[in-house]
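Below: one structure, written as structure tokens.
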Amino acid sequence: MRTKWMIAALAFACSAATADAQTRINDDGTVTFQYHNDSAKTVMVDVQFAGRRAMTRDANGLWTATVGPAAPDMYPYCFVVDGVSVMDPENPQYFPNEGFKNSLLEIPSKSGPLPHDILNVPHGRIEYVHYYSKSLGATNHAVVYLPPRYMENPQKRYPVFYLISGTTDTEEVYFKVGRVNYILDNLLADKRAKEMIVVMPYGNPAKLKLKDAAVTQLQFGGDVFSNDLINDLLPYIDANYRTKADADNRAIGGFSRGGNQALYNGLTHLDKFSYLCSYSSFTSTDIPNVYDQAAETNKKIHLFWLGVGTDDFLYGNARDYMQFLDDKGINSVKEFTSDKYGHTWMNAKYFLSKTLPLLFNKKAAAEAMKNGKPAPAATGNEPQFTPGVMARMFPRPIISPEYTPTGITFRFKAAEARQVQLMCDLTAEPVTMERDSDGVWAVEVKDYSFETFRYCFLVDGTPVCDPNNMYLSPDAGFKFSIADNPRSPFNFASQGQIEHGRVSYDLERQEAWYTSPMPRGGRSMPAFIQLVPGRGDTMESWFKVGGADAIVDRLMSEGKTKPCIVTTSTLDFMQGMPQMPGFKIRTLRADDYPTWTQRRRALVRMLLELGREPAPQFPGFGQGGGFGGPMM
């Protein structure tokens, strides 16, 4: 049976992630990292505030190291097992990224809450959206934050902050690592920020294209990202959310490459953005009609905010850009740190907490701009970001998985490994991979599949997710990589120009809710489908692995099913409520099916059956912005 490799891998994960292997925060501020692995020869912990530290092994295969103390914050870390980076299988929090895969360590403060802490305040909602991008020629995606009271007043409109993450980051990073939702929740509860929508785009959409994927992600002006942002994402957000669609009510900002993208697109579209924020970045000094028309430019910008760490490898470039603005007479606010480990997400969160209170608050922004200081004088010793630094930090990527007409090729670099095997749904047993002269192991699986499936590499006995694949299965324990064939009928990239529903996550109740596209003016109540997660699944699994939203989108576009609401909720709130005639809840339990392929097929059968049934008609639906109205 093809699932027995999964059983073996999960058994390993359970043995490696036992209660005695949990990382813990000590009273003195130090951190004790623990990791269980019987087969490893050497293990190190690699954590942002301490670098790599050797771990010691006891007789039971438990590796331990205590490091620190460290300042309260969130830090990425991983274990380096015989030279290979491995996420902590005991930690559910991870760093979404195109390349490296790290877990997240959260050190609480004893002297009061941190800006990003999860406090007992009203929380906004997080939505995952898909939209067809004409600029991209494919479906793109973004994450959207809605303020806590967004659903209470259907007439109220909100300003929008477009927030872009850095090089190799995904659209999830400002949510899962930058914690913008919790920072803003806390500020709103204290009445220290304006209510706003935050849109988090994917900063490297060229990677999603089926062709021309080699377009550089650092190119600006006429590039894929800029065209998509201005011509596709902005119109989508304004059409699907209650926005204030003018320059006074739009902000744009970002970290690292995202800061570069934000500044460039903001400065070249001052008719659309009046609040500009750069976190650890800089941008082109050759933008016509901006720098040489300082008086006009200053009138159009309410806030021009620039922050960088003095220990950041981009500090020299960022300082030079600040000096350039000063020389041109362009007003700006400048902030510097020296205690957050340079080019890090500790800085990104800190800069967010400083700028969010200024956005869409003309008085506060004007006061900050009035008090802006000139750039510090150059010393000649500032680090500069050069092509050589770029090449060292971002070497040529290894493509894995690679889809070809003959099969799927998987690759993994582990020069010192003795054996690497591929473990996936497509093979009955683990498949041994072959190593080339560069230490890259590869294998082609010719049992071609258009299905989404999970896989990992077994490196000298240790399961490792694919570091070259940005898609991770959001499992409760060990996190497998996801192979999502771009030519699958249920892959968003292949669906063409169709309408898409939205997935929202209730972070307090740990529930996912998907609402399909709704016809305008209809009086039919949408069907209710309950998807029960399986053992080891999370609220995200039915969507990120099962593809439930993509399946409904596709079948609705083909007229084969009806509008529906899909949820992983237990629906406890519906107990005791009067049921409408003809209304029923359809339920699908993941544990009733041993594989995701069978789960997806069961969902397709349920949706096709729904499409053949007459829809109950209920007075009131489809009127006044109800279920039949636009999803706003």
Side-chain angles (χ1 to χ4, degrees), residues 157-164 194 196-197 199 201 219-223 225-235 237-238 243-255 257-308 317-335 351 354-376 378:
R157 294 188 171 273
Y158 297 83
V160 185
F161 180 25
Y162 288 84
L163 184 59
I164 313 161
K194 301 291 186 181
M196 68 185 78
I197 296 169
V199 179
Q219 172 186 332
F220 297 95
D223 65 299
F225 173 82
S226 298
N227 290 338
D228 172 78
L229 173 72
I230 301 301
N231 300 324
D232 297 294
L233 181 56
L234 261 71
I237 295 298
D238 288 338
T243 66
K244 294 180 178 179
D246 56 43
D248 281 349
N249 290 286
R250 281 203 198 99
I252 189 167
F255 172 68
R257 179 199 65 198
N260 194 335
Q261 292 169 316
L263 289 183
Y264 186 89
N265 281 284
L267 290 170
T268 54
H269 295 92
L270 290 175
D271 59 324
K272 293 179 171 61
F273 303 97
S274 61
Y275 294 83
L276 281 61
C277 302
S278 167
Y279 311 138
S280 306
S281 191
F282 59 97
T283 196
S284 172
T285 56
D286 183 19
I287 302 178
N289 305 317
V290 173
Y291 301 124
D292 292 330
Q293 297 181 19
E296 287 300 311
T297 297
N298 287 332
K299 288 179 184 178
K300 296 176 182 178
I301 298 176
H302 298 313
L303 179 70
F304 199 159
W305 198 97
L306 307 161
V308 68
N317 306 78
R319 193 223 67 88
D320 292 348
Y321 182 68
M322 295 173 183
Q323 184 67 61
F324 170 81
L325 294 177
D326 290 348
D327 293 344
K328 291 291 186 178
I330 306 292
N331 301 329
S332 67
V333 180
K334 308 171 186 70
E335 177 137 351
F351 293 150
K354 289 293 190 179
T355 52
L356 285 171
L358 304 177
L359 298 184
F360 314 117
N361 186 333
K362 290 184 179 180
K363 182 177 179 181
E367 184 69 16
M369 291 286 280
K370 184 179 72 173
N371 295 325
K373 301 294 192 296

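Using a 4.5 Å heavy-atom cutoff, the side chains of Glu335 and Trp305 are in contact. The shortest side-chain heavy-atom distance between Asn260 and Ile164 does not fall under the 4.5 Å cut-off. You'll find the side chain of Leu358 stays beyond 4.5 Å of the side chain of Tyr275, heavy atoms only. Here the side chains of Val160 and Asn249 are not in contact, with every heavy-atom distance at 4.5 Å or above.
The side-chain hydrogen bond (donor to acceptor under 3.5 Å, both in side chains) check on Asn298 picks up nothing, with sequence neighbours excluded.
Residues Leu359 and Met196 come closest through the heavy atom pair CB-CE, 4.1 Å. Minimum interatomic distance between Ser274 and Ala247 (heavy atoms only, all atoms of both residues): OG-O, 2.7 Å. Here the closest non-hydrogen pair linking Phe304 and Met369 is N-SD, 3.4 Å.
Atom CG of Leu263 is separated from atom CD1 of Ile287 by 8.0 Å, given to the nearest 0.5 angstrom. In this structure, CG in Asn227 is found 12.5 Å from CG in Leu233, a value given to the nearest 0.5 Å. Rounding to the nearest 0.5 angstrom, the gap separating the CD1 atom in Ile330 from the OG1 atom in Thr297 is 4.5 Å. Interatomic distance, CG of Leu325 versus OG of Ser332, reported as 5.5 Å (0.5 Å rounding).
When each of Lys272, Arg250, Lys244 is paired with Asp238, the salt bridge (Lys or Arg N to Asp or Glu O under 4.0 Å) condition holds for Arg250 and for no other.
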Asn265 and Ser226: CA distance, side-chain angles, deciding distance, side chain to side chain donor-acceptor pair (under 3.5 Å) verdict: CA-CA 7 Å; Asn265 281 284; Ser226 298; 3.1 Å; yes

Under the side chain to side chain contact (heavy atoms under 4.5 Å, CB included) rule, what do Gln323 and Arg319 come out as? Steps first, then yes or no, please. CA-CA 6 Å; Gln323 184 67 61; Arg319 193 223 67 88; 3.4 Å; yes

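Here the side chain of Lys373 pairs a donor or acceptor atom with the backbone of Asn371 at under 3.5 angstrom. Proximity of a side-chain donor or acceptor of Ser278 to a complementary backbone N or O of Leu306 within less than 3.5 Å is not detected.
Taking the six-membered ring for Trp, Phe324 and Phe282 have ring centres at least 6.0 Å apart.
Side-chain contact of Thr355 with Tyr279: a donor-acceptor pair under 3.5 Å is present, judged by distance alone.
The neighbour count for Lys194 NZ, taken as heavy atoms of other residues, nucleotides or ligands under 6.0 Å away, does not exceed 12.
Note on ring orientation: taking the six-membered ring where Trp is involved, the planes of Phe273 and Tyr162 are perpendicular (angle over 60°, cut-offs 30° and 60°).
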